[in-house]
Amino acid sequence: MKNVAVIGGGIMGRGIAYSSALAGFQVHLQDINSDALNTAKEYIEKELKKSVERGFLQPGEDVASANRISYTTSIEEAAAQADLVIEAVLERMDIKVEVFKKLDAICAEHTVLATNTSTMSPTEIGAQTSRPDKCIAMHFFNPVHKMKLVEIVRGLDTSDETYAIAKHAAETMRKEVVEVNEFPGFVTSRMNCLIGNEAMNMLMEGVASAEDIDKAMKLGLNHPMGPLELADLVGLDTRLRNMEYLYQTLGEKYRPCPLLIKYVKAGRLGKKSGNGFYKYE
Ligand code: NAD
């Protein structure tokens, strides 16, 4: 496997492109929005440089990795030569299905199509293509270059060969893998969304301040980040889409907190918009 295409250059897509390039793959990063691509390029180059300065990478690895990434708004250009495509567009089934149908038409027969969905069904996405056996979910974590895990989720028709290719790609990116059979929210999002939603409900009910809820979870329960800080990092719009999907598929327990809905309506999307449960410079 040599060529990886990443579709969607937002928070996750840029991180997956970074880790893929560092692993030695040739990477095409595609987004429909050229501003997103410019931001992604700036982010990747800054983070690579920081990693050299902090001693995580050898001098020169930053430039070599950056040179392995090309940026394009054309999905045809990005995917035509790809051995593996990792989709990281918005968490909306209609958009993911549209992207997968296009990829199915563009890509070579051997190409594996992976989705980075946090919650949704790779079976449903793969069923819209002529190659459900080559479709799978590779769920990376944010920030991708620092987080160790990839949850690999098999759809109903995913072949063993496709699973092996996805695992090999993740391990080449120096990630640990867990294998999950498809169920909404997999292991991590199902658990994490519930914790985050409960924290938001507590904040709405006036149980404690955002700072104290997060501090309690970090110092009392040994979580590395508080659930509200983490939701801000994920993006509150993305978190709301995750909750809505889990609510539809798993029921009442996952009803999105009204405070989360209100924040998204107000344009408070967390770190990416400069304002969420906390304010950011
Ligand atoms: P984001 O909003 O930061 O980025 C999404 C990008 O997709 C945008 O740049 C947008 O322009 C682009 N896009 C939209 N439609 C497109 C299309 N048709 N073709 C190409 N690009 C398109 O979102 P994100 O946080 O990077 O999330 C992306 C996916 O990753 C979602 O499925 C999300 O659930 C999942 N995910 C997110 C996190 C997180 O912490 N943010 C963690 C794990 C998984």
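Since the model is a prediction, treat every value here as computed from it, not as a measurement. Atoms within each ligand, like the ligands themselves, are counted from 1 in listed order.
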>> So, taking the atom named CD in Glu98 and the one named CZ in Arg92, what distance separates them when rounded to the nearest 0.5 Å?
In response: 9.0 Å
>> Regarding Gln30 and Thr72, do their side chains bring together a donor and an acceptor under 3.5 Å, going by distance alone?
In response: no
> Where is the nearest protein heavy atom to atom 3 (O) of ligand 1: which residue, which atom, and how far?
Replying inline: Ile11 N, 3.0 Å
> Looking at atom 20 (C) of ligand 1, what's its closest protein heavy atom, distance included?
Replying inline: Gln30 OE1, 3.3 Å
> Leu230, Leu203: one ILVMFWY side-chain cluster at the under-4.5 Å cut-off?
Replying inline: no
> Got more than 12 heavy atoms from elsewhere within 6.0 Å of NZ, Lys272?
Replying inline: yes
> Within a radius of less than 6.0 Å around CD of Glu161, do more than 12 heavy atoms belonging to other residues, nucleotides or ligands occur?
Replying inline: no
> Which atoms from ligand 1 have a heavy atom of Asn242 less than 4.0 Å away?
Replying inline: 34 (O)
>> Out of all atoms in ligand 1, which are within 4.0 Å of some heavy atom of Ser118? Include the element for each.
In response: 33 (C), 34 (O), 35 (C), 36 (N), 37 (C), 43 (C), 44 (C)
>> Can you confirm whether Arg239 sits close enough to Leu260 that some side-chain heavy atom of one is under 4.5 Å from a side-chain heavy atom of the other?
In response: yes
> At a 4.0 Å cut-off, with the gap strictly under it, does some heavy atom of Arg14 reach an atom of ligand 1?
Replying inline: no
> Which one of Val89, Asp237, Leu90, Asn142 has a non-hydrogen atom at the shortest distance from atom 22 (C) of ligand 1?
Replying inline: Val89
> Does OH belonging to Tyr280 count more than 12 external heavy atoms closer than 6.0 Å?
Replying inline: yes
> So is Lys96 close enough to ligand 1, meaning a heavy atom under 4.0 angstrom away?
Replying inline: yes
> Does Met120 come within less than 4.0 Å of ligand 1, judged by its heavy atoms?
Replying inline: no
>> Closer than 4.0 Å to some heavy atom of His139 - which atoms of ligand 1 meet that?
In response: 43 (C), 44 (C)
> How far is atom 4 (O) of ligand 1 from its nearest protein heavy atom, and which residue and atom is that?
Replying inline: Gly10 CA, 3.3 Å
> Can you list the ligand 1 atoms lying under 4.0 Å from a non-hydrogen atom of Thr238?
Replying inline: 25 (O), 33 (C), 34 (O)
> Can you find a heavy atom in the side chain of Glu252 that is under 4.5 Å from one in the side chain of Tyr247?
Replying inline: yes
> Gly8 heavy atoms, cut-off 4.0 Å: which ligand 1 atoms fall inside?
Replying inline: 7 (O), 21 (N)
>> If the cut-off is 4.0 Å to any non-hydrogen atom of Thr117, which atoms of ligand 1 fall inside it?
In response: 32 (O)
> Are Tyr18 and Tyr43 an aromatic pair by the rule of ring centers under 6.0 Å?
Replying inline: no
>> Quick check: do Ile195 and Pro227 have side-chain heavy atoms less than 4.5 Å from each other?
In response: yes
> Starting from atom 8 (C) of ligand 1, which protein heavy atom do you reach first, and at what distance in Å?
Replying inline: Asp31 OD2, 3.5 Å
>> Could you tell me, atom by atom, which parts of ligand 1 come under 4.0 Å of a heavy atom of Ala36?
In response: 9 (O)
> Can you check whether Glu91 has an N/O within less than 3.5 Å of an N/O in ligand 1?
Replying inline: yes
>> Can you report which non-hydrogen protein atom sits closest to atom 26 (O) of ligand 1, along with the distance?
In response: Met12 N, 2.8 Å
>> Please determine whether a side-chain nitrogen of the Lys or Arg among Asp104 and Arg131 lies less than 4.0 Å from a carboxylate oxygen of the Asp or Glu.
In response: yes
>> Quick test: of every protein heavy atom, which one is nearest to atom 30 (O) of ligand 1, and how far off is it to 0.1 Å?
In response: Asn116 ND2, 3.0 Å
> What protein heavy atom sits nearest atom 15 (N) of ligand 1, and how far off is it?
Replying inline: Ile32 CD1, 3.6 Å
> Within a radius of less than 6.0 Å around NZ of Lys46, do more than 12 heavy atoms belonging to other residues, nucleotides or ligands occur?
Replying inline: no
>> I'd like to check which ligand 1 atoms, numbered from 1 as shown, lie under 4.0 Å from a non-hydrogen atom of Val99.
In response: 18 (N)
> Between Arg241 and Glu244, is the closest basic N to carboxylate O distance under 4.0 Å?
Replying inline: no
> Which protein heavy atom lies closest to atom 41 (N) of ligand 1, and at what distance to 0.1 Å?
Replying inline: Val234 O, 2.9 Å
> Which residues, ordered by chain and number, are linked to Ile125 in its hydrophobic cluster, where ILVMFWY side chains connect at heavy-atom gaps below 4.5 Å, directly or through other members?
Replying inline: Ile7, Ile75, Val85, Val89, Leu90, Met93, Ile95, Val97, Val99, Phe100, Leu103, Ile106, Leu113, Met120, Tyr245
> Applying a strict 4.0 Å limit to heavy atoms, is Ala88 in contact with ligand 1?
Replying inline: yes
> Would you say Phe141 touches ligand 1, if touching means a heavy atom closer than 4.0 Å?
Replying inline: no
